[in-house]
Protein chains: 2
Amino acid sequence: MKRHQVTIIDIAQKLNISKSTVSRALTGHPSVRSDTRQAVMELAQQMDYQRNMLAINLSSSQSKTIGIIVPEFVTSFFPIVIMGAQEIAAQVGYSVLISQSNETYETEVANAKVMLANRVDGVLISMTRETKNFEHFDVFKRKGIPLVFFNRVCHDIETPKVVVDDYEGAFKATEHLILLGKERIAHLAGPPSLYISRKRLEGYKDALRKHKRPILDDLIISYDLTLEKVKIYVKYLLDLPTPPDALFAVNDPTAIEAIKVIKEQGLSIPEQIAVVGFSNDYGSALIEPGLTTMAQPTREIGQVAAQLLLDQIHTDSSVWKPITRVLKTELIIRGSSQRN
Amino acid sequence: MKRHQVTIIDIAQKLNISKSTVSRALTGHPSVRSDTRQAVMELAQQMDYQRNMLAINLSSSQSKTIGIIVPEFVTSFFPIVIMGAQEIAAQVGYSVLISQSNETYETEVANAKVMLANRVDGVLISMTRETKNFEHFDVFKRKGIPLVFFNRVCHDIETPKVVVDDYEGAFKATEHLILLGKERIAHLAGPPSLYISRKRLEGYKDALRKHKRPILDDLIISYDLTLEKVKIYVKYLLDLPTPPDALFAVNDPTAIEAIKVIKEQGLSIPEQIAVVGFSNDYGSALIEPGLTTMAQPTREIGQVAAQLLLDQIHTDSSVWKPITRVLKTELIIRGSSQRN
DNA sequence: CTGTTAGCGCGTTCAT
DNA sequence: ATGAACGCGCTAACAG
């Protein structure tokens with residue numbers, strides 16, 4: 001079977017009029033006799049005519065597509081962000097080209113090239129945990145393609161960003177544990193390469209300082225977010241001469257993994273050790289005990305990021321400033337930190 | 001700032017040679033002097049040249065893009081399928097255009113149009129639960145655009161499909177409960193409009209028949225997969241004069257919701273009522289007790305579907321047959337059906 | 001080996 | 001109100 005899509009020419013011929021007229025009728029141009037328009041519309045409908053965006057995009061040299069590069073798809077966080085972004089994009093007729101970097105720098109670079117090749121009008125990015133070189137982002141800037149970072153942002157590129165208040169969130173989470181009477185609060189932190197890891201670590205430390213607690217380096221472990229390693233670190237913490245009585249994890253997957261390990265070890269949560277995560281992922285309400293966590297407005301992150309990107313796309317970029325939108329987090333208390 | 005991407009012409013001018021030569025060098029055509037090629041490649045690199053897929057796609061009248069239409073993004077199932085599909089597509093240089101129908105027929109139709117307009121080379125589809133009219137799928141067939149259904153397939157369209165053995169899976173799940181000594185096994189089924197609902201229901205019934213158990217209509221509830229309603233149905237079941245002692249749910253989100261309700265009601269799982277789901281979603285290992293479920297090879301579904309689609313795209317479709325690939329499920333036993 | 005030309009489908013001038 | 005002609009960037013077919 002031949003693949004053949006109906007074109008304007010096809011319908012022009014059938015109606016024995018010029019392609020330009022058909023084009024005008026289809027695009028709702030006023031200067032077309034209404035009966036002509038009528039005829040065109042009907043035939044188009046009947047022949048299943050669909051505008052060829054490939055052609056339109058080429059001649060308008062814009063793709064009406066925004067790219068999204070995320071590290072992964074496994075946790076519920078990124079899919080939900082994407083949903084939010086897609087909603088906004090769809091409202092103004094934009095498509096979305098999604099790609100995952102699989103937490104690998106090389107893949108991220110490759111994905112960026114695909115975006116470039118496909119002439120996306122703008123890109124939403126959340127970086128890999130191992131991205132330390134930003135040349136592939138710079139290319140977008142040089143070519144005048146708007147960029148918006150979210151979640152895992154890059155501060156070496158001057159561009160809008162959408163984040164949650166990681167510092168404040170971590171501060172509150174830690175303070176919550178302190179107010180619960182916990183004395184030795186450990187922190188399973190993310191890699192320092194990620195800004196969010198550093199901010200959350202800072203918040204954790206400042207909460208301890210505010211309440212005049214010592215900051216114990218033994219209790220702070222920075223790891224690369226490879227979940228398999230959580231077991232090792234949690235065991236290490238539990239085997240300490242004086243083990244922690246609380247754990248603040250950099251994100252929910254980490255916290256959930258930690259809870260599993262702690263339960264395996266036969267310790268009681270939250271009595272012997274309380275746990276707090278960050279994100280309010282899908283799993284945090286499911287695990288037993290429920291995970292106390294800092295909720296992020298996930299969908300909203302996607303919406304705001306997409307809106308910021310569209311603003312940039314439509315505005316004369318010379319007038320525009322690299323704002324950072326900081327969204328609020330909210331403490332969700334569940335059984336992992338407090339018996340009800 | 002002006003948006004301007006480097007073109008072949010730009011580099012042709014700088015090198016003072018013809019565009020065709022540049023094009024040939026870039027595409028690895030053999031008939032180019034190696035020093036010429038060298039020069040072109042270097043300059044291209046240096047100028048951050050990226051092939052304009054928009055142009056290539058237009059002139060080759062194919063987009064090197066496959067579309068994926070899924071009902072939602074919330075459960076982990078579809079994102080993982082998409083990951084699988086993306087892997088395969090990426091290997092052969094295909095991009096992926098993703099859209100969610102939000103379980104709404106109208107959105108699905110609209111998405112199909114977007115796919116058409118973007119001239120995707122093929123489409124992967126899992127239908128909405130409310131899709132009963134298939135005209136929008138037929139359009140693809142008429143235009144010669146290959147289609148592959150997965151998971152929620154449509155049997156009125158002659159096209160390849162990728163499914164798991166829902167019948168067998170449901171049969172095994174039910175039999176598992178029977179062998180556990182459960183006498184009154186309820187089934188929270190999906191809407192009859194979905195083939196998978198019907199198949200799972202069939203498997204459930206046949207397992208009962210095989211073991212000479214009565215099929216009690218009271219214990220079979222078909223619902224529209226709106227999770228909020230699970231509570232109502234489960235309560236109804238529990239309030240029956242002789243309530244069920246086991247529940248087989250059509251999918252994991254339903255089962256997980258059911259477990260929550262059952263726990264709220266103060267009943268013990270699995271002693272008073274055992275629960276089995278279908279899918280082995282992310283949450284099923286997290287909830288307490290762990291959910292016994294039929295695991296689907298989720299990622300593989302995406303891979304196989306994408307491969308089937310690519311085969312169709314690359315093959316002369318006249319020679320090709322609408323195979324249905326049936327993948328195997330596997331029973332994962334956890335605490336919701338059996339104490340260890 | 002390299003340059004020239006045509007055409008992919010559409011929107012958009014510029015004429016009429 | 002309509003038609004003709006051009007260009008978007010690139011590849012392929014056709015000369016040299």
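Numbered from 1 within each chain, the chains take letters A, B, ... in sequence-line order.
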* Please determine if a side-chain N or O atom of B:T21 lies less than 4.0 Å away from the OP1 or OP2 oxygen of C:dG3. => yes
* To do: Just call it for A:S60: base, sugar-phosphate, or nothing, with non-hydrogen atoms closer than 4.0 Å on any strand.
  => nothing
* To do: Mind telling me whether A:F73 and B:F73 have parallel, tilted or perpendicular rings, with 30° and 60° as the class edges?
  => perpendicular
* To do: May I have the distance from B:Q62 (atom CD) to D:dC10 (atom C1'), rounded to whole angstrom?
  => 13 Å
* Asked: Does C:dG9 have OP1 or OP2 sitting under 4.0 Å from an N or O in the side chain of A:Y49?
  -> no
* Between D:dA5, C:dT4, C:dC10, which one does the side chain of B:S20 approach most closely? -> C:dT4
* Asked: Would you say B:T36 reaches C:dT2's phosphate, i.e. side-chain N/O to OP1/OP2 under 4.0 Å?
  -> yes
* Take the protein atom CD of A:Q5 and the nucleotide atom C1' of C:dC8, then report the distance between them rounded to whole Å. => 13 Å
* Asked: Does the gap between the ring centers of A:Y105 and A:H136 come in under 6.0 Å?
  -> yes
* What is the nucleic acid contact for A:L58, judged by heavy atoms within less than 4.0 Å: base, sugar-phosphate only, or nothing? -> base
* Please check if atom CZ in A:R37 has more than 12 non-hydrogen atoms from other residues, nucleotides or ligands closer than 6.0 Å. => yes
* To do: Kindly point out which of C:dC1, D:dT2, C:dC10 is positioned nearest to the side chain of B:S31?
  => C:dC1
* To do: Give the rounded distance in Å between these two atoms: CD of B:Q13 and C1' of D:dC10.
  => 15 Å
* To do: Find which nucleotide of DNA chain C each of B:P30 and B:S61 is nearest to by heavy atoms, and output the residue with the more 5' nucleotide.
  => B:P30
* Starting at atom CG of B:N57, determine the distance to atom C1' of C:dC8, rounded to an integer number of angstrom. => 11 Å
* Nearest-angstrom distance from the residue atom CG of A:L15 to C1' of D:dT2 -> 14 Å
* Between B:E108 and B:K113, is the closest basic N to carboxylate O distance under 4.0 Å? -> no
* To do: Indicate, with a heavy-atom threshold strictly under 4.0 Å, whether B:L54 touches base, sugar-phosphate, or nothing.
  => nothing
* Asked: Please give, in whole Å, the distance from C:dG11 P to A:I9 CD1?
  -> 12 Å
* Is there a donor N/O on one and an acceptor N/O on the other, under 3.5 Å, for the side chain of A:R119 and the base of D:dG9? -> no
* Residue pair A:I56, A:R51: steps toward the side-chain contact (heavy atoms from CB on, under 4.5 Å) verdict -> CA-CA 8 Å; A:I56 297 179; A:R51 313 165 72 201; 3.5 Å; yes
* Asked: Can you check the B:M53 CE to D:dT11 C1' distance for me, whole Å?
  -> 12 Å
* Expressed in angstrom and rounded to an integer, what is the separation of B:I56 atom CD1 from C:dG9 atom P? -> 16 Å
* Look at B:S59 and C:dC8 and indicate whether a side-chain polar atom (N or O) is within less than 4.0 Å of OP1 or OP2. => no
* So, is A:R24 near the phosphate of C:dT12, with a side-chain N or O under 4.0 Å from OP1 or OP2? -> no
* To do: Tell me yes or no: between the side chains of A:T75 and A:E72, is some donor less than 3.5 Å from an acceptor?
  => yes
* Toward the 5' end of DNA chain C, by each residue's nearest nucleotide, A:S23 or B:R33 -> B:R33
